[in-house]
Amino acid sequence: MAGERERGTAGDADWIFASDDPHTLPTEQLPDRAAFDRYAAPLLERERAERAQALQAQLAEDAERAGNDPARPSAEQAGTPGSPTTVRSPLTPSSVAPPWPTGEPRQGTARRLVDWDLDTEDREAPGQGRPGEAVLPSRTTSYARSGTTPNVEDRASGIEMPERFRELGVFDALRDLLALVCLVTALTTTFTFASVPILDTLGKVSIGIGLAALIAVHLLRWIPAHPPLNVVRMVRVVGLLPALLTALIVVVADLAASLPVLFSSLPDGPPVGIGVGVPLLLLGAIVGMEPRAHEGYLPHLVARNRARLVVLGIGVAAAAALLLALVMIVGRLFTTGWGFSLRAFADALISALLLGIVFGAVWRKDRSWIVFSIAAVAGLVMCALADNTLRLQFAAPLSFATGFVYLPALFAAFGLMISRSFVRTIPISFRRVDWLVYTVRAFEFSVLMHGAAVIWHVLAAIASPTGVTPGGPVLHLLDAVVCACFVAVSLFARKALLERRAEVARASGVIAGSLLVVVGFLDTIVNSVATGAGAGLLTGGVAIAVGIATALMLTVPAPVRDEFGAPDLGKMFADFRLRDTRRASLLDQVPDVNAERARKKAFPGG
């Protein structure tokens with residue numbers, strides 16, 4: 001799908017939604033009520049004028065028929081309320097239908113009924129209109145028509161948000177909530193491995209300052225009648241800057257303490273260690289520092305370029321950390337043992353692959369891979385937030401002295417990828433075709449990660465006699481076979497979605513997702529009983545997540561997002577497979593005449 005990158009980022013579009021989505025506008029903010037009223041006023045006036053003319057014509061026609069037909073009442077009686085031939089709107093409820101005139105056939109001469117669906121202020125009661133102007137009787141409130149709901153018609157009686165709070169976007173509110181949760185969790189989870197009083201004190205103080213800054217920002221923004229936006233932006237940046245610096249200081253301190261003991265044996269663990277609280281603190285600071293849209297901040301070209309440069313810098317730092325980890329692994333062959341180095345290399349391989357997927361999507365500006373990478377890293381962030389309670393893999397602190405430190409770089413990149421400056425450079429949409437693209441990306445992600453898991457289990461089986469890995473060689477070889485099955489199932493599903501017939505392709509994808517869920521669940525149970533390990537990449541957890549995600553993407557979004565009933569599955573898959581070229585072959589426009597040619601025809605007159 002190479003052509004997708006050129007289309008998705010052509011011209012560096014300055015809006016979040018794709019321009020070819022018919023249900024969105026190529027702007028950051030939709031028009032407000034005043035702008036919509038200005039646009040709709042001339043259209044409504046023209047519609048009202050046309051309806052008034054149609055009403056006058058119908059009244060004149062009825063009056064003319066009443067004058068020519070003695071059985072009909074006069075024109076004055078026709079306009080009297082209570083008369084059986086009173087002109088009324090067909091939407092006005094009535095228990096008695098107006099009778100057809102006697103002697104008038106129904107075929108061909110049925111009266112025209114005009115749909116008088118005027119606004120509420122244009123429907124006046126009988127006898128209250130201007131002289132000589134026909135007035136339509138009012139009708140009862142009905143929610144039967146499309147687009148009319150109780151929340152819309154009865155808005156005056158409901159609870160409305162104040163005008164100032166309408167500027168608060170959902171995306172900005174979610175990012176503030178994420179920053180708040182990350183800061184609080186960093187305060188309660190593992191921060192460093194070794195007890196360093198200075199670092200622990202800095203962490204607690206910076207987290208307290210960051211939380212106070214987030215609260216002060218919203219108080220300054222929403223309480224005053226005229227909020228000082230410059231002060232709000234300054235408080236946000238200055239208040240969260242200590243949290244950012246503290247996370248960086250912990251990483252640098254671990255690096256400085258690890259260099260002298262890089263090749264020595266570490267039976268008691270790393271000198272400092274980086275717990276999961278450090279990357280969470282880094283993520284909360286990055287997400288919370290950027291000013292929001294309701295604070296008067298609008299990203300521009302400089303902000304977007306800076307976001308890309310920072311992501312590039314994080315990638316370079318992660319590559320340098322990987323190089324340092326490889327040097328440490330080679331040096332530990334002679335001091336700590338080959339088993340430790342082999343397992344450290346296997347761990348670094350999986351971490352480097354995950355970072356390569358994320359940073360590769362950013363550098364190539366691949367829209368679908370960026371969206372999927374954000375979703376995948378968001379899952380890791382949720383696992384890190386639950387680490388203090390569930391004691392997941394993140395409970396073991398990382399260190400430059402023992403392995404590849406990837407989590408701070410991954411979370412920092414995630415914080416920039418969900419920022420306004422970065423997201424606005426990527427047109428994101430969730431049409432039916434996009435769900436198929438993300439399903440294919442999920443299967444490709446499964447192939448890459450489970451392929452790396454196969455290598456990890458093989459290396460772990462080799463190093464298991466040294467006692468550095470949980471479980472024996474038989475268990476690791478069995479897990480390697482299971483991960484290889486995950487790779488095979490994912491390849492089969494991807495090939496089916498890209499090449500096979502629409503109905504068969506979707507059925508194959510759903511079956512593959514179900515297999516990933518069932519086998520992954522069984523693998524998790526076996527590993528939890530044998531080694532006490534929880535769900536993860538190496539024990540079937542990723543297979544469960546990918547299986548559930550792909551099954552839902554292939555079954556739920558397609559019919560839900562279709563406004564006119566069940567979607568055309570064949571057309572949906574055709575659009576999905578033509579999204580790279582955006583053009584169909586001329587042979588597709590030639591009608592199929594094989595059936596007509598095969599049919600036997602009798603010679604005329606024979």
Side-chain angles (χ1 to χ4, degrees), residues 1 3-4 7-8 17-18 20-23 357 361 366-379 382 427-451 482-483 485-524 535 537 540-582:
M1 302 183 179
E4 178 188 350
R7 288 190 316 279
F17 294 102
D20 56 347
D21 192 345
H23 299 289
I357 292 174
D366 193 326
R367 177 172 63 92
S368 60
W369 266 117
I370 288 177
V371 175
F372 184 81
S373 299
I374 290 176
V377 181
M382 295 177 62
I428 301 174
S429 60
F430 292 93
R431 301 184 301 273
R432 292 192 302 271
V433 174
D434 293 311
W435 289 113
L436 295 179
V437 175
Y438 299 141
T439 304
V440 172
R441 295 303 183 217
F443 284 123
E444 292 174 351
F445 181 79
S446 175
V447 170
L448 294 175
M449 298 307 296
H450 284 114
V482 173
C483 291
C485 293
F486 291 153
V487 173
V489 171
S490 301
L491 286 174
F492 164 77
R494 180 184 181 274
K495 182 178 178 63
L497 291 175
L498 293 176
E499 299 179 3
R500 304 190 71 177
R501 192 161 48 89
E503 293 82 2
V504 178
R506 188 169 73 166
S508 301
V510 174
I511 293 174
S514 303
L515 286 176
L516 290 177
V517 172
V518 174
V519 180
F521 184 70
L522 295 177
D523 189 31
T524 301
L537 169 65
V542 172
I544 296 175
V546 171
I548 293 176
T550 53
L552 291 178
M553 286 189 291
L554 287 175
T555 55
V556 175
V560 168
R561 289 189 56 83
D562 197 305
E563 299 179 0
F564 307 102
D568 188 348
L569 197 62
K571 184 178 183 301
M572 181 172 64
F573 272 86
D575 294 340
F576 158 67
R577 291 165 182 172
L578 293 175
R579 61 186 289 112
D580 284 338
T581 59
R582 286 295 182 188

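Start at 1 with the first residue, then count along the sequence. Values reported hereafter were calculated over all heavy atoms of this structure, with side chains retained and with hydrogens, waters and symmetry mates removed.
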Exam field: side chain Arg500 to backbone Lys495, donor-acceptor pair closer than 3.5 Å: no
Arg494 and Val447, any side-chain heavy atoms less than 4.5 Å apart: no
Heavy-atom check, side chain of Arg367 versus side chain of Val437, under 4.5 Å: no
Minimal non-hydrogen separation, Phe576 against Leu498, with atom names: CZ-CD2, 3.7 Å
Closest non-hydrogen atom pair between Ala442 and Thr550, with its separation: CB-CG2, 3.6 Å
Which atom of Arg577 lies closest to which atom of Ala496, heavy atoms considered: NH2-O, 3.5 Å
Derivation and outcome, side chain to side chain contact (heavy atoms under 4.5 Å, CB included), residues Ile357 and Ser373: CA-CA 7 Å; Ile357 292 174; Ser373 299; 4.0 Å; yes
Side chain to side chain contact (heavy atoms under 4.5 Å, CB included) partners of Val542, counting only residues at least two apart: Phe445, His450, Leu537, Val546
Interatomic distance, Met449 atom CE to Phe486 atom CZ [nearest 0.5 angstrom]: 13.5 Å
Flag, side chain of Thr439 to backbone of Trp435, donor-acceptor distance under 3.5 Å: yes
Heavy-atom pair of closest approach, residues Ser368 and Asp366: OG-OD1, 3.1 Å
Side chain to side chain contact (heavy atoms under 4.5 Å, CB included) between Phe443 and Leu516, intermediate numbers included: CA-CA 10 Å; Phe443 284 123; Leu516 290 177; 4.1 Å; yes
From Met572 atom CE to Arg506 atom CZ, the distance as rounded to the nearest 0.5 Å: 6.0 Å
Taking every non-hydrogen atom, the tightest pair across Asp523 and Gly540: OD2-N, 3.5 Å
Where Ala512 and Ala493 come nearest, the two heavy atoms and their spacing: CB-CB, 3.5 Å
Leu554/Leu436 under side chain to side chain contact (heavy atoms under 4.5 Å, CB included): CA gap, chis, key distance, verdict: CA-CA 7 Å; Leu554 287 175; Leu436 295 179; 3.6 Å; yes
